[in-house]
Protein chains: 2
Amino acid sequence: MTATGPLVLVVDDEAQVRRFLRAALTSRGYRLLEAESVREAEQLATGHNPDIYLLDLTLPDGDGVDLARRLREWTKAPIIVLSARGREEDKVNALDAGADDYLTKPFGVNELLARLRVAQRHAQASPEQPVVLETGPLRVDLSRREVTVEGREVRLTPTEYRLLALLARHAGRVLTHRQILREVWGPNATEAHYVRVHMAELRKKVEADPARPRLLVTEPGVGYRLRDRVESA
Amino acid sequence: MTATGPLVLVVDDEAQVRRFLRAALTSRGYRLLEAESVREAEQLATGHNPDIYLLDLTLPDGDGVDLARRLREWTKAPIIVLSARGREEDKVNALDAGADDYLTKPFGVNELLARLRVAQRHAQASPEQPVVLETGPLRVDLSRREVTVEGREVRLTPTEYRLLALLARHAGRVLTHRQILREVWGPNATEAHYVRVHMAELRKKVEADPARPRLLVTEPGVGYRLRDRVESA
DNA sequence: GAGCATCTTGACGCCGCCTTGATGTCCGCG
DNA sequence: CGCGGACATCAAGGCGGCGTCAAGATGCTC
């Protein structure tokens with residue numbers, strides 16, 4: 001249950017079509033951007049980076065196929081063409097220009113929604129790249145939720161992991177007690193003591209000498225920091 | 001440019017349609033497999049693991065929509081439905097079952113070829129994942145729906161299999177209770193207890209010592225994970 | 001409609017984690 | 001030199017998550 005659905009950019013010069021799409025999509029949780037021209041569309045696209053595009057082909061200041069081609073130069077978001085033109089040549093041109101689908105007007109709302117779901121499936125399938133941080137003997141793989149020290153796997157409790165992951169995402173930078181509390185314990189946590197206790201546990205599991213931390217260092221009066229480069233001396 | 005083009009599995013019971021597709025595709029460098037029934041299609045699919053599927057909906061021994069759904073359990077290869085049925089309901093069903101596109105007969109050759117190119121673009125964006133997963137004594141063949149432990153076949157109930165298959169598709173990474181519930185029990189399932197009970201059953205059948213799981217490990221407070229590398233110690 | 005397999009639902013006990021308080025240590029500053 | 005504040009450490013306790021068992025509920029095949 002996401003708070004806000006995918007952002008869709010509708011590009012069509014007919015107000016009637018836009019109204020129809022607005023009714024169909026917003027009621028399903030999609031967020032909408034609307035453009036009436038190529039110029040306006042590109043402006044909104046670069047500004048908001050939508051998740052999905054719905055393009056008409058005939059626009060007052062240019063061709064939808066060219067718009068699709070230019071969008072494809074910088075975004076992989078799904079592009080669905082909605083056009084009254086039903087000629088095969090139009091379809092082939094649009095699809096080869098980078099469009100992912102082509103619906104001929106008039107079309108049913110349910111078919112459009114189904115094809116939008118297909119587009120979302122494709123967008124979601126894009127491979128997630130591993131996010132790993134390595135510093136000294138410590139290795140934190142955020143995509144696999146895996147922590148190792150000198151190759152040995154370390155078992156962490158949920159809060160220990162959240163604490164370490166937070167520091168790892170901002171490796172090298174200081175995080176204040178406030179920031180840590182808000183991120184790990186929620187927005188209305190106040191007990192700074194939590195952080196100390198769990199930091200001690202974390203050091204026991206991660207540091208070679210928990211009494212003299214080399215990775216999870218204290219910044220007195222400010223907060224904590226995870227060193228991103230470790231000198232051996 | 002590959003030496004040999006993508007392997008396409010055509011599933012249609014009319015010889016005329018198959019001949020038409022054969023002429024259109026082989027001349028463009030595609031390699032072709034042909035099936036006249038669901039049974040034949042699944043046999044060829046598991047045996048050759050095609051790159052693209054072209055499915056008719058009305059088949060002598062079953063429904064193309066069910067075929068698409070079953071293929072989607074183990075392959076992400078593009079599925080394009082070619083059907084004489086033009087009702088919106090048919091399209092929605094097929095697309096939601098896992099089809100990527102839907103063309104109503106009769107259609108133009110050039111449009112089909114353009115949509116095939118779109119499908120290939122998508123396939124290229126997401127690297128294919130292995131169909132069988134092996135980790136320690138466990139082996140899961142997603143295309144055959146077959147699970148073995150140390151060579152011995154294991155009988156799983158439908159939900160047990162869906163649970164294991166889900167974990168196998170994401171082997172090595174943690175799946176949260178939420179994710180598991182959504183994927184196995186549907187989008188509005190909430191009872192986290194389901195997962196525990198069925199996980200226990202699964203462990204009884206798969207783990208050497210169900211009390212000390214080495215493959216299906218729980219990540220406390222988060223979810224479960226199927227180990228993709230198993231150390232012997 | 002009987003019988004079977006499977007899924008759901010509830011009860012219960014254990015273990016681990018988080019919280020919380022007490023105490024100890026370091027350091028700067030008056 | 002004594003004091004206070006920030007930080008570290010330890011231990012106790014409560015609570016919730018997790019595993020397990022088992023009894024209904026459901027749905028299927030024959």
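The basis for the numbers below is simple: all heavy atoms, side chains too, and nothing from hydrogens, waters or symmetry mates. Chain letters run A, B, ... following the sequence lines, proteins first and then strands; every chain starts at 1. As the structure is a prediction and not an experimental result, all values here were calculated from the model.
- Under the salt bridge (charged side-chain N to carboxylate O under 4.0 Å, His left out) criterion, B/E42 pairs with B/R70, not counting sequence neighbours.
- Taking the side chain to side chain contact (heavy atoms under 4.5 Å, CB included) definition, one finds that B/R117 meets it with A/V92, A/D96, B/L113, B/A114, sequence neighbours left out.
- The CG-C1' distance, from B/L156 to C/dC7, rounds to 15 Å in whole Å.
- Residues satisfying the side chain to side chain contact (heavy atoms under 4.5 Å, CB included) test with B/S83, not counting sequence neighbours, are B/D56, B/L57, B/V81, B/R85, B/Y102.
- In this view, B/S143 and B/D141 satisfy the side chain to side chain donor-acceptor pair (under 3.5 Å) rule, not counting sequence neighbours.
- Partners of B/A165 by side chain to side chain contact (heavy atoms under 4.5 Å, CB included), not counting sequence neighbours, listed by chain and number: B/L142, B/Y161, B/R169.
- Less than 4.0 Å separates DNA chain C from no heavy atom of any residue of residues 164-175 of chain A.
- A donor atom on one side chain and an acceptor atom on the other are found under 3.5 Å apart for A/Y30 and A/Q120.
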Item checked: Pair A/D209-A/R214, salt bridge (Lys or Arg N to Asp or Glu O under 4.0 Å): steps then yes or no -> CA-CA 8 Å; A/D209 181 1; A/R214 307 180 58 77; over 6 Å; no
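- Applying the 4.0 Å criterion to OP1 and OP2 of C/dC7, one finds that B/T157 has a side-chain N or O inside that range.
- Listed in residue order, the members of residues 203-212 of chain B having a heavy atom less than 4.0 Å from DNA chain D are B/R203, B/A211.
- The side chain of B/Y224 contributes an N or O atom lying less than 4.0 Å from OP1 or OP2 of D/dG19.
- Atom P of nucleotide C/dT8 and atom CG of B/L163 are separated by 12 Å, given to the nearest angstrom.
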Check: Quick one: what's the B/S/- string for nucleotides 19-30 of chain C, heavy-atom cutoff under 4.0 Å, read 5' to 3'?
Finding: BBBB--------
Notebook entry, point to check: B/E146 and B/R139: salt bridge (Lys or Arg N to Asp or Glu O under 4.0 Å), yes or no, with the steps?
Noted result: CA-CA 8 Å; B/E146 191 177 85; B/R139 184 188 146 94; 5.2 Å; no
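- For C/dC17, the OP1/OP2 oxygens have a side-chain nitrogen or oxygen of A/R155 closer than 4.0 Å.
- B/H122 is linked by a side chain to side chain contact (heavy atoms under 4.5 Å, CB included) to A/D100, A/H122, B/V118, counting only residues two or more places apart in sequence or in another chain.
- At whole-Å resolution of the value, CD in B/E201 and C1' in C/dC7 are 10 Å apart.
- We find that B/E201 and B/K204 are joined by a salt bridge, their nearest charged nitrogen and carboxylate oxygen being less than 4.0 Å apart.
- Between A/H198 and A/W185, the ring-plane angle classifies as tilted under the 30° and 60° cut-offs.
- Rounded to whole angstrom, the span from the CG atom of B/L216 across to the C1' atom of D/dG19 amounts to 14 Å.
- In this structure, the CG atom of B/L202 is 15 Å from the C1' atom of C/dC7, given to the nearest Å.
- A donor-acceptor contact under 3.5 angstrom links the side chains of B/H193 and B/R196, judged on distance only.
- In this structure, B/R196 does not reach the D/dG16 phosphate: none of its side-chain N or O atoms is under 4.0 Å from OP1 or OP2.
- The stretch residues 43-55 of chain B participates, sequence neighbours left out, in these side-chain hydrogen bond (donor to acceptor under 3.5 Å, both in side chains) pairs: B/R39-B/Q43.
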So which protein N/O to nucleotides 23-25 of chain D N/O distances come out below 3.5 Å?
none

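- Following rounding to the nearest Å, A/E219 (CD) and D/dA6 (C1') show an atom-to-atom distance of 14 Å.
- Contacts of B/R19 classified as side chain to side chain donor-acceptor pair (under 3.5 Å), with partners at least two apart in sequence or in another chain: none.
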